[in-house]
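Chain letters run A, B, ... following the sequence lines, proteins first and then strands; every chain starts at 1. As a basis for the values below, the full set of heavy atoms in this structure was taken, side chains included, without hydrogen atoms, waters or symmetry mates.
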Amino acid sequence: MEYNFTEIEKKWQKKWAEAGVFNAENNSKKPKYYVLSMFPYPSGPLHMGHASNYSIGDAITRYKMQQGYNVLQPIGYDSFGMPAENFAILNNSHPSITTENNIKIMREQFQMLGIAIDWSRELATSRSNYYHWGQWLFKKLYENGLVYRKSSWVNWCDECQTVLANEQVEDNKCWRCDSEVRQKDLVQWFFRITKYAEELLDFSKVIDWPERVKAMQTNWIGKSHGTEVDFPLENSEKVIKVFTTRPDTLFGVTFMALPPEHPLVTQWLTDPAVKPDLASFCQKVINEDKIARSSADTTKEGIFSGHYCLNPVNGDRVQVWITNYVLMDYGTGAVMAVPAHDQRDFEFAKKYQIDMKLVINKPDSDLVLAEMTQAYTEEGVLVNSGEFSGLPSEQSKEKITSWLAEKSMGNKTVTYRLRDWGISRQRYWGNPIPVVHCEKCGIVLVPDADLPVQLPMNVQVGKTTQNPLLSVDDWVNTPCPKCGAPARRETDTMDTFVDSSWYFARYTDPQNDKAPFDINTANYWLPVDQYIGGIEHACMHLMYARFFHKFMRDIKLVSSDEPFARLLTQGMVLKDGYKMSKSKGNTVDPQEFIDRYGADTIRVFVLFASPPEKDVEWSDDGVKGAFRFLNRLWVFFQNLPTEFKKQLPTNSADTLQPAIKDLRYSTHYTIKFIKEDYEQRMQFNTNIAALMEHFNLLFSIKDTQNLNTSEKDVYRQACLILPILLYPYAPHLAEELWEICGHTSFVHEFGELDYDPKFLQKDEVTYVVQINGKIRGKVEVSADATDDAVKQAAMQIDNVAKSLEGQTIKKIIVVKGKLVSIVI
RNA sequence: GCCGAAGUGGUGAAAUAGGUAGACGCAGUGGACUCAAAAUCCACCGAGUGCAAGCUCAUGCCGGUUCGAGUCCGGCCUUCGGCACCA
């Protein structure tokens with residue numbers, strides 16, 4: 001007989017589907033558990049990353065099923081966007097065709113892997129019954145003042161022919177296609193995510209997120225406390241507002257630094273009397289690449305504007321310079337320069353021979369301005385600072401800020417690094433922005449009754465230099481919904497991250513055609529109890545989804561504060577130390593291994609190789625190892641005598657031979673170990689190791705026919721826990737073994753196993769004996785022995801006695817049940 | 001520079017509250033079965049030293065606390081990830 005995994009896996013997949021065991025029940029009285037793995041792009045068949053991701057999610061799902069929860073594990077496809085569009089171009093087809101084709105292939109593969117998915121809830125973001133509600137949410141955002149349109153310099157990828165959000169640019173390269181990103185001035189739609197900056201910093205409402213992800217988002221949002229100070233412009237009503245984290249250096253300001261984009265500069269440039277070199281400098285800097293400009297090693301350049309402003313604390317005349325090192329979109333877009341105490345300002349002042357003024361002195365020694373080769377940026381004591389001289393810098397920050405506030409010349413303030421989310425994409429395969437541009441009425445939202453704005457299908461996709469939608473005249477030209485005059489549709493589509501920002505909520509009520517989802521149903525399921533996905537989305541999807549969720553809460557669509565209560569960031573599957581990729585040619589096709597060893601083998605391998613957050617190095621031998629384990633189990637149960645099948649006994653007899661007593665201990669210990677692991681750390685690799693260990697012990701007991709009745713009960717129990725504990729990792733084989741044992745119900749219906757602490761008490765305990773911390777022997781002592789008895793037993797060990805000869809014992813420490821430590 | 005994570009055999013990794021370092025697996029070695037191979041089963045498997053009992057060394061490096069440190073504390077080194085002319 002042979003372990004025919006193909007047949008076994010098909011058989012159980014069919015049985016599960018027929019019985020509908022994975023269908024989750026909305027608004028059930030049972031406690032719910034919502035497990036979600038980040039949905040895939042349908043741009044080809046499943047890869048190993050998916051196999052790993054869903055194996056983890058499925059282990060959790062099945063365990064929760066065993067615990068009796070009403071479990072929801074849905075699946076969907078992130079089917080709009082570049083990967084899907086590019087796949088179609090490559091195959092000389094239309095994305096609507098290739099996408100649905102790929103979905104079909106992926107669906108079959110998920111089924112072949114035996115993932116416990118509620119297929120009735122399947123969705124795809126490119127289907128109009130889904131994107132309809134994305135458009136509806138866009139309108140809600142718009143109506144709540146969270147959408148605006150502005151012209152700005154944006155990240156442009158020539159390869160993808162579209163704009164990228166800041167989060168989607170890595171190292172000045174496109175996060176998706178890795179080609180160089182350049183700056184382009186375009187009119188864009190933005191979501192005001194910055195309105196939620198403060199709340200996004202607060203992770204107190206999540207239950208368990210990796211510190212790493214929280215730190216990354218916190219970094220990205222970049223909150224900074226400081227003071228806003230008004231510098232009145234000389235001979236003008238205007239003020240220059242600056243943001244500074246160092247109000248203590250305010251008396252040391254010797255110039256003001258503005259970027260050429262600053263509105264004040266723009267206005268100066270309109271003056272016909274403006275010097276030509278000033279205008280040409282500004283032009284030059286603006287045309288420079290934004291990213292090159294904001295890199296720290298770019299040489300600082302500037303030009304004196306001819307204008308002065310006044311320092312509010314001492315009335316000093318301050319030169320206003322236009323420079324290339326100040327960023328328009330951070331803080332107020334203006335910097336008060338303190339050369340003596342800021343390295344950048346120091347370099348700039350040296351280069352252009354601008355005055356410096358020392359206002360912070362070292363606490364213990366005197367600084368001499370003329371001798372300084374770099375700025376003094378540390379804390380110190382204020383000097384040359386009027387009434388604030390003599391104060392330590394930390395204290396003076398508060399004092400100077402309140403002084404400014406009293407005089408209405410400044411205020412305590414907070415700035416964030418986070419920018420609003422640019423969601424316009426100039427690509428065809430995305431969710432159309434539901435807006436019509438009318439010459440008379442301006443921007444008009446498409447009325448709810450006309451939603452969804454259907455994406456036209458008669459579009460030739462391919463390499464284009466403009467958005468393909470622009471060429472679909474009968475789609476673009478449409479009457480204004482307000483006045484009926486001829487108008488044009490918005491042709492930008494939404495970033496696909498918009499689609500993925502609320503899909504977890506749609507799963508709760510995926511067929512709803514009146515609303516994105518029913519509020520009560522969503523509130524029954526949300527938040528997602530366990531989310532699983534890659535770390536690469538820390539500052540993208542995971543932040544956008546939190547933003548959307550908080551918005552949906554504010555408009556009363558959901559009642560929870562966070563979308564994902566627990567987050568597990570799974571590692572990648574590597575081959576030869578690198579992430580698998582087609583370009584590197586180091587991919588492994590999961591299908592090939594499913595065909596050769598079965599789905600259970602792949603699942604056990606990826607879960608056993610390392611803990612879920614860590615990368616897994618693919619190993620063909622490792623897969624064979626996993627297969628060996630499953631095969632051994634199958635053979636074992638094939639040969640298991642009938643008397644060890646069926647009913648799970650509880651046994652409390654004490655007259656057992658030692659090997660069987662150990663087996664009973666192992667049975668209860670394994671149950672306990674795995675249960676606690678699920679609750680505390682989810683390290684499936686050690687769970688599977690514990691299962692192997694238990695099975696190895698069981699396997700080593702050969703003479704089962706001569707056991708007495710109680711011993712046989714113990715043996716039977718040791719056997720029957722295996723399919724139950726194996727179920728989350730290798731569900732097909734677990735069901736098969738359970739059936740071999742004579743059961744007609746599914747494994748999960750048995751419920752959760754419980755251990756009896758009584759059997760975790762050993763009557764003999766091994767004590768390790770140390771002398772001065774070095775191990776000198778071991779001794780078996782009865783578990784209820786007194787400390788003194790343990791000491792006596794320890795001293796009698798030959799090796800210990802020998803080492804103690806002629807030595808004075810200073811102290812003996814007995815750690816109950818563990819060791820004896822003798823100090824000499 | 002700031003923030004975060006990690007460094008353990010040939011190898012993937014264990015060690016849950018400071019208590020036997022290397023569980024479990026892979027690879028390897030020897031053996032059984034076989035004409036042979038595969039599969040399977042049994043045994044060994046950190047380094048050094050010893051006939052052996054044993055002893056010594058060993059968790060990136062250097063110190064410290066402790067009867068006892070992979071684990072705690074101080075100081076470094078390396079690698080990976082995030083942020084960065086952010087005022």
Side-chain angles (χ1 to χ4, degrees), chain A residues 2 170 210-224 226-227 242-246 249 257 293-300 323-327 329-338 341-345 347-348 377 415-417 535-536 538-539 604-605 608-611 613-626 628-629 631-632 635 673 676-677 680-681 683 685-696 699-700 766-778 798-799 802-803 810-813 815-824:
Chain A
E2 221 172 67
E170 295 161 356
E211 284 309 315
R212 185 158 63 132
V213 176
K214 293 192 221 168
M216 281 167 77
Q217 289 198 5
T218 305
N219 260 340
W220 186 263
I221 296 166
K223 183 178 182 176
S224 160
T227 305
V242 302
F243 171 77
T244 180
T245 54
R246 295 293 306 270
T249 64
R293 226 174 100 193
S294 64
S295 111
D297 45 9
T298 308
T299 35
K300 292 171 184 49
T323 70
N324 66 345
Y325 75 93
V326 175
L327 306 172
D329 54 3
Y330 183 77
T332 61
V335 172
M336 57 171 232
V338 186
H341 305 292
D342 182 285
Q343 189 56 28
R344 296 154 297 181
D345 301 343
E347 284 164 29
F348 192 85
T377 55
T415 299
Y416 302 91
R417 204 193 72 95
I535 185 81
E536 66 274 16
C539 298
V604 167
F605 167 73
F608 179 63
S610 66
E613 322 77 59
K614 250 186 139 172
D615 292 345
V616 181
E617 175 66 35
W618 181 262
S619 146
D620 287 7
D621 283 329
V623 177
K624 273 197 283 182
R628 215 152 21 205
F629 170 59
N631 194 41
R632 238 152 60 91
V635 172
F673 182 93
E676 287 179 354
D677 188 83
Q680 287 157 27
R681 32 177 233 167
Q683 255 179 241
N685 56 333
T686 50
N687 280 7
I688 295 171
L691 266 179
M692 287 173 171
E693 236 174 309
H694 175 68
F695 179 53
N696 287 347
F699 196 77
S700 70
T766 308
Y767 277 84
V768 172
V769 184
Q770 296 184 341
I771 296 175
N772 284 354
K774 294 211 182 285
I775 294 157
R776 285 293 177 267
K778 291 172 199 176
D798 280 356
N799 201 33
K802 213 166 68 193
S803 308
K810 279 196 201 153
K811 193 159 65 161
I812 303 179
I813 298 156
V815 181
K816 198 94 196 117
K818 280 196 173 142
L819 62 73
V820 181
S821 186
I822 303 168
V823 190
I824 56 173

### Summary
Readout for nucleotides 6-12 of chain B: B = base within 4.0 Å of protein heavy atom, S = sugar-phosphate only, - = neither; 5' to 3' it is ------B

### Query
Counting just side-chain N and O atoms, does A:Y325 come under 4.0 Å of either OP1 or OP2 of B:rA87?
no

### Task
Report which part of the nucleic acid A:P611 touches: base, sugar-phosphate, or nothing (heavy-atom distance under 4.0 Å, all strands).
sugar-phosphate

### Query
Looking for any heavy atom pair under 4.0 Å, which part of the strands does A:D677 touch: base, sugar-phosphate only, or nothing?
nothing

### Interface residues of residues 214-222 of chain A with RNA chain B (non-hydrogen, below 4.0 angstrom)
A:M216, A:N219, A:W220

### Query
Stems in RNA chain B: runs of 3 or more consecutive Watson-Crick or G-U pairs, distances under 3.5 Å?
B:1-7 with B:77-83, B:10-12 with B:24-26, B:28-32 with B:40-44, B:46-49 with B:54-57, B:60-64 with B:72-76

### Message
Classify A:Q343 by what it touches in the nucleic acid, base, sugar-phosphate, or nothing, heavy-atom distance under 4.0 Å.
### Response
nothing

### Query
Can you check whether A:N696 has a side-chain N or O nearer than 4.0 Å to OP1 or OP2 of B:rG25?
yes

### Message
Going by the rule ring pair (Phe, Tyr, Trp, His ring centres under 6.0 Å), which residues pair with A:Y325 if we only count those two or more places apart in sequence or in a different chain?
### Response
A:F348

### Query
For A:F695, which residues count as a ring pair (Phe, Tyr, Trp, His ring centres under 6.0 Å) partner, sequence neighbours excluded?
A:F636, A:F699

### Message
Taking any heavy-atom pair under 4.0 Å as a contact, classify A:V326: base, sugar-phosphate, or nothing.
### Response
base

### Message
With a 4.0 Å limit, can you tell me whether A:K778 has a side-chain N or O closer than that to the phosphate oxygens OP1/OP2 of B:rG19?
### Response
no

### Residues touching RNA chain B, which here means a heavy atom under 4.0 Å, drawn from residues 619-626 of chain A
A:D621, A:G625

### Message
Taking 4.0 Å as the cut-off, does a side-chain nitrogen or oxygen of A:R776 come that near to OP1 or OP2 on B:rU56?
### Response
yes

